[in-house]
Structure formats: structure tokens, C-alpha cells
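In the text below, chain A, chain B and the rest are named by the order of the sequence lines, each starting its count at 1. The figures here come from the full heavy-atom set of this structure, side chains too, leaving out hydrogens, waters and symmetry mates. Just so you know, these numbers come straight off a predicted model, no measurement behind them.
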Amino acid sequence: MLETAYLRTKPEEARARLAKRNLDADALLSKAAALDEHRRSTQNVLDAKLAEMNDQSRTIGELMKAGKKDEAEAAKQRTSELKDRIAELKDELTEAERALHEHLCTIPNVPQDRVPPGKTPEDNVTVAQHGELPQLPESAKPHWDLGEEYGLFSLEQGVKLTGAGFPVYTGQGAKLQRALIAFFLDRAIEAGYVEVMPPLMVNAESAFATGQLPDKEGQMYHATADDLFLIPTAEVPITNLFRNEILELAELPVKRVGHTPCFRREAGSYGKDVRGLNRVHQFDKVEIVRVEAPENSNAALEEMTKHVQGLLNALELPWRQLLLCGGDMGFTSAITYDMEVYAGAQKRWLEVSSISNFETYQSNRLKLRYRGEDKKARLAHTLNGSALALARIVAALLENNQDAHGIRIPKALQPYTGFDRIVKK
RNA sequence: GGAGAGGUGGCAGAGCGGUUGAAUGCGGCGGUCUUGAAAACCGCUUUACCUGUAAGGGUAACGGGGGUUCGAAUCCCUCCCUCUCCGCCA
């Protein structure tokens with residue numbers, strides 16, 4: 001959620017940046033300004049009445065102490081009107097706060113200057129690319145065929161157990177999952193991230209603080225009996241670790257990494273996008289999360305991107321880095337890079353990582369602050385990125401490395417898999 | 001799941017209807033003293049919002065929400081959480 005202080009002090013900047021998202025920035029912001037103004041004036045009046053009431057109460061207390069019962073009683077009578085007015089104003093303020101808050105929740109984060117304008121993925125900008133695209137023979141198979149052929153994973157079995165989009169991994173396929181997770185975790189730990197194993201379910205408060213609620217409610221599985229949500233990403237529990245915290249400057253930067261399964265309903269998805277492992281309801285992901293002082297957050301974003309590039313290079317996967325345009329960026333992000341790998345048999349790019357700087361948008365909801373040089377508490381910046389999402393990495397790995405004798409495992413991964421090829425049983 | 005106890009500032013721990021945003025101790029910060037340090041002594045030490053150029057002033061917060069009252073950390077209701085005992089269990 002955007003800060004009202006920002007909207008008040010830099011309305012022009014907010015308007016210009018928001019416009020890149022291809023929405024009616026003027027309408028959103030002028031409504032926010034009106035609601036904010038109303039909230040403040042209501043509080044002003046209420047505060048004055050409360051001060052008056054406090055004064056009265058103090059006087060009555062003194063009269064009671066002095067034994068002047070009659071005078072005290074008389075003073076009590078006089079407070080009833082004030083009391084009613086205060087109750088009225090309190091309701092008004094609560095409503096004004098609710099309305100402002102609700103409206104602020106509908107305004108996405110303001111994109112940074114360098115974010116390109118645009119509406120669709122077509123307008124994203126490729127800022128880096130690396131690796132040769134694999135030249136596979138016509139007989140090359142997409143990963144869903146390879147998965148069946150080598151007995152690595154089965155979507156059909158998942159249907160039996162759960163439903164569509166819940167793969168069952170078996171044998172070398174299961175080991176490959178475990179190897180990738182361990183590899184990603186180890187690399188992050190080497191890079192200074194502290195490993196976290198969080199709960200896989202969160203309460204509504206946590207889901208709200210990182211922005212999954214209310215914007216993406218339909219995306220999460222909801223256990224209604226206990227009002228808990230299955231996490232769509234480790235970002236949610238890990239970032240919420242810092243909810244309502246004030247960090248000392250020396251504690252920054254906070255660097256956390258966690259592996260979790262991720263659960264996504266993916267309501268409304270269809271078509272070739274969802275074939276095989278391209279889009280599933282449950283997948284494993286290693287996520288890196290950072291809390292930074294504002295002046296360091298953009299450097300941190302680049303560092304995280306380099307880290308992800310290093311992983312992809314180690315896996316020998318051709319990748320490209322996209323700078324998302326305003327229209328394609330996530331609701332809560334100020335700038336996002338997407339990392340895509342090329343899946344040679346499908347002949348298409350698959351998104352395997354999304355790295356974002358949320359600036360204060362999340363921390364404002366989280367009430368995540370840090371104490372600066374001047375000892376004043378102010379909102380920290382939060383960032384996160386996938387490093388990396390498994391299912392699609394597996395898809396690309398299988399497709400690109402297939403040959404007549406099986407599927408080659410990249411060298412960096414072999415210590416983790418314990419085998420250098422996937423072969424038919 | 002059942003029974004009981006309890007949730008107060010960074011921590012420990014008072015307060016149980018009237019200048020109590022909150023005693024006291026510890027910790028932390030600043031100062032005096034000292035060649036330096038320790039000890040001792042003195043002062044400071046929460047956060048959010050509103051108002052103001054600022055200094056300052058105002059309001060709110062004692063697990064969350066609601067109620068009683070002129071006035072609530074203190075009384076009542078409710079939810080959540082922690083601890084102890086019992087039950088169940090990987």
C-alpha cells in the first residue's frame with residue numbers, strides 16, 4: 001500500500017509513475033487525496049473533543065477528591081452531549097480510515113522511472129540474454145513425453161490423488177527435484193542468505209501484508225475451517241517474519257532463503273500454457289528475500305539478478321532477462337525482472353524467476369521499519385526473487401539435454417543427483 | 001480435546017477505577033570523574049497519527065475486539081495466544 005505522506009508530498013511524481021501502468025492515475029489519486037483529507041479533518045475535530053473530555057474528567061476527579069460531590073455531579077451532567085458527539089466522531093473516523101484504506105488497496109505500486117510503459121508482455125524489454133539456443137532434431141520430445149518415457153513424473157497419478165496440475169515425481173525424477181532444491185539452497189547460503197523453513201499455511205493477516213489479499217484472493221487455496229491459506233510462494237511467510245518489526249541499521253541487509261512447495265489455484269488458465277509442468281498447482285521453489293535500507297534496494301535487486309543468472313549458467317540453460325513493462329508488472333512491485341529459460345523442444349521461453357523490488361509498498365502494510373543513522377524509524381524496502389522455481393527448470397532441463405542415450409545432467413548438479421544421466425529403467 | 005493459571009515498555013517485574021505512557025531493577029544512550037577503563041553519581045531512553053517552518057502542542061496504544069463509567073492497564077463480555085496438569089499422537 002502506498003504511503004499517504006508520499007501521495008501528499010509528491011502527487012505529480014506519483015501520477016506520472018502510476019500512469020505507466022496503463023490505468024486512470026488521476027482518478028485514483030484524486031480520490032485518495034480526498035479520502036485522506038477527510039480522514040485528517042475528522043481526526044482533527046475528534047482530537048479536540050477528546051482533549052476537552054479529558055479536561056472535564058480531570059476536573060471531576062479533582063472535585064471528587066475535594067469532596068465537592070454536588071459540583072462533580074453537575075459536571076457529569078454536562079459531559080453527556082460531548083460524549084455523544086465523540087461517539088459520533090469516532091464512528092466517522094473509523095469509517096473514513098476504512099474508506100481510505102480500502103481505496104489505497106486498489107492502487108498498485110508506482111513503477112520506477114526506468115520501467116518501460118506498456119500494456120502487455122509484448123512491451124517487456126529484454127535487457128540481457130545468454131547461452132546458445134539448443135538445436136534439437138525434429139524427433140526431440142517435449143518434457144511431458146520424456147517424463148512418461150523415463151518414468152520421471154506423472155500428471156495422471158496426480159489426478160487420481162488430487163486433481164489436475166498436481167504432479168507425482170518418481171525415481172530419478174524425484175531425485176532430480178531434491179537435487180535442484182539442495183543445489184539452489186546451498187548456492188544461496190554461500191551467497192550469505194540464511195535458510196528458513198517456514199509454515200506452508202498462513203493466516204489472513206500475513207496474506208494481506210504481502211499483498212496476496214485482497215488483490216489475488218482467488219489465487220490461493222483457502223482452508224476455510226481454520227481460515228488459513230496455503231502459501232503461493234515462500235515470500236509470504238518469510239517476509240511476514242518481519243511484520244511489525246523495527247530493525248537496527250546494523251541488522252541490514254536481511255537476507256533469507258527458503259524452500260517451500262507453492263500452491264496456486266491458477267484459476268482461468270488454459271491452453272498450451274498448462275501442458276505438462278509448464279503450469280501446475282503445486283511446485284517447489286527456492287525463494288530469496290531481502291530487507292534493505294532504501295538507498296541500497298536497487299543495488300540489491302541487481303545483485304539478486306546476478307545470483308539467479310549464476311544458477312542458470314551453472315545449469316547450462318540458455319536464459320534471457322526481461323524488464324517488465326508497467327502493464328505487466330505485479331501489483332505490489334516497483335520494478336521487476338523476469339528470468340526466462342528456453343525449452344528446446346517446445347521452442348518457447350518459460351518464466352522461471354521473477355525478481356522484484358517492492359520499495360515500501362509491502363513494508364507499509366507489514367509495518368516493517370528500520371532505524372536510520374538519525375535513530376528515526378522509517379519503512380524499509382523489501383525485495384524477493386525466485387532462485388529458482390523447479391517445475392519449469394525441470395521442463396527445460398529435460399528437453400534441452402535429451403539425446404539418443406537418455407538425458408544428460410549438468411555437471412554442477414551431478415554431486416546432488418548422484419547420477420550423470422537419466423536413463424530408461 | 002478437557003481442567004486450571006496467566007498475557008503490562010528491549011528484558012525482568014509493580015500497579016488492579018482518578019495528572020499512570022505507566023513504579024522499581026537490568027540493559028542501552030549521553031554526561032561528570034579517570035592517563036585510559038571499571039566503579040560511583042546525574043540525565044535521557046516506545047510507537048503511530050494530527051497540528052506547526054520549527055520549538056512545541058494534541059490524540060491514541062498495557063494480547064485483539066466490544067462494553068460499563070465523567071474517567072479503564074485496572075471492572076464486564078468475547079476472541080487469540082502462552083504456561084501447568086490430563087487425554088490423544090508423528
Identify whether the distance between the nearest side-chain nitrogen and carboxylate oxygen of A:Arg98 and A:Glu95 falls below 4.0 Å.
-> yes
Any side-chain heavy-atom pair from A:Glu292 and A:Tyr370 closer than 4.5 angstrom?
-> no
Between CD on residue A:Gln177 and CD1 on residue A:Ile181, distance to nearest 0.5 Å | 6.0 Å
Pairwise C1' distance, B:A38 and B:C33 [rounded to whole Å] | 12 Å
Output the residues of residues 43-51 of chain A in contact with RNA chain B, where contact means a heavy atom of the residue under 4.0 Å from an atom of the strand; sort by number or write none.
-> A:Gln43, A:Asn44, A:Asp47, A:Leu50, A:Ala51
Specify the separation, in whole Å, of atom CD1 of A:Ile86 and atom P of B:G58.
-> 16 Å
With under 30° as parallel and over 60° as perpendicular, where do the rings of A:Phe229 and A:His222 fit, or are they tilted in between?
-> parallel
Sort me out a list of protein N/O and nucleotides 88-90 of chain B N/O pairs below 3.5 Å, or just none if empty.
none

B/S/- contact track for nucleotides 61-72 of chain B, protein heavy atom under 4.0 Å | ---------BS-
Check whether the side chains of A:Glu235 and A:Gln362 place a donor and an acceptor atom closer than 3.5 Å, and report yes or no.
-> yes
Could you go over nucleotides 7-11 of chain B and give all protein N or O partners under 3.5 Å, atom names and distances?
none

Between A:His281 and A:Phe166, how do the two ring planes meet: parallel, tilted or perpendicular, split at 30° and 60°?
-> tilted
Round to the nearest Å and state the distance from A:Glu52 atom CD to B:A60 atom P.
-> 13 Å
Provide the distance between the two C1' atoms, one in B:G66 and one in B:G27, to the nearest whole Å.
-> 37 Å
Where are the stems of RNA chain B, defined as at least 3 consecutive Watson-Crick or wobble G-U pairs with both distances under 3.5 Å?
-> B:1-7 with B:80-86, B:10-12 with B:24-26, B:27-32 with B:40-45, B:46-51 with B:56-61, B:63-67 with B:75-79
Stepwise salt bridge (charged side-chain N to carboxylate O under 4.0 Å, His left out) check, A:Glu316 with A:Arg408 | CA-CA 11 Å; A:Glu316 302 164 35; A:Arg408 191 178 57 81; 3.3 Å; yes
For nucleotides B:C70 and B:G58, find the distance between their P atoms and express it as a whole number of Å.
-> 25 Å
Identify each atom pair where a protein N or O and an N or O of nucleotides 44-48 of chain B are less than 3.5 Å apart, giving names and distance.
{"residue": "B:U47", "atom": "OP1", "partner": "A:Arg371", "partner atom": "NH1", "Å": "2.6"}
{"residue": "B:U47", "atom": "OP1", "partner": "A:Arg371", "partner atom": "NH2", "Å": "3.4"}
{"residue": "B:U47", "atom": "O3'", "partner": "A:Arg369", "partner atom": "NH1", "Å": "2.8"}
{"residue": "B:A48", "atom": "OP1", "partner": "A:Arg369", "partner atom": "NH1", "Å": "3.1"}

For atom OH of A:Tyr6 and atom P of B:C49, their distance in whole Å | 18 Å
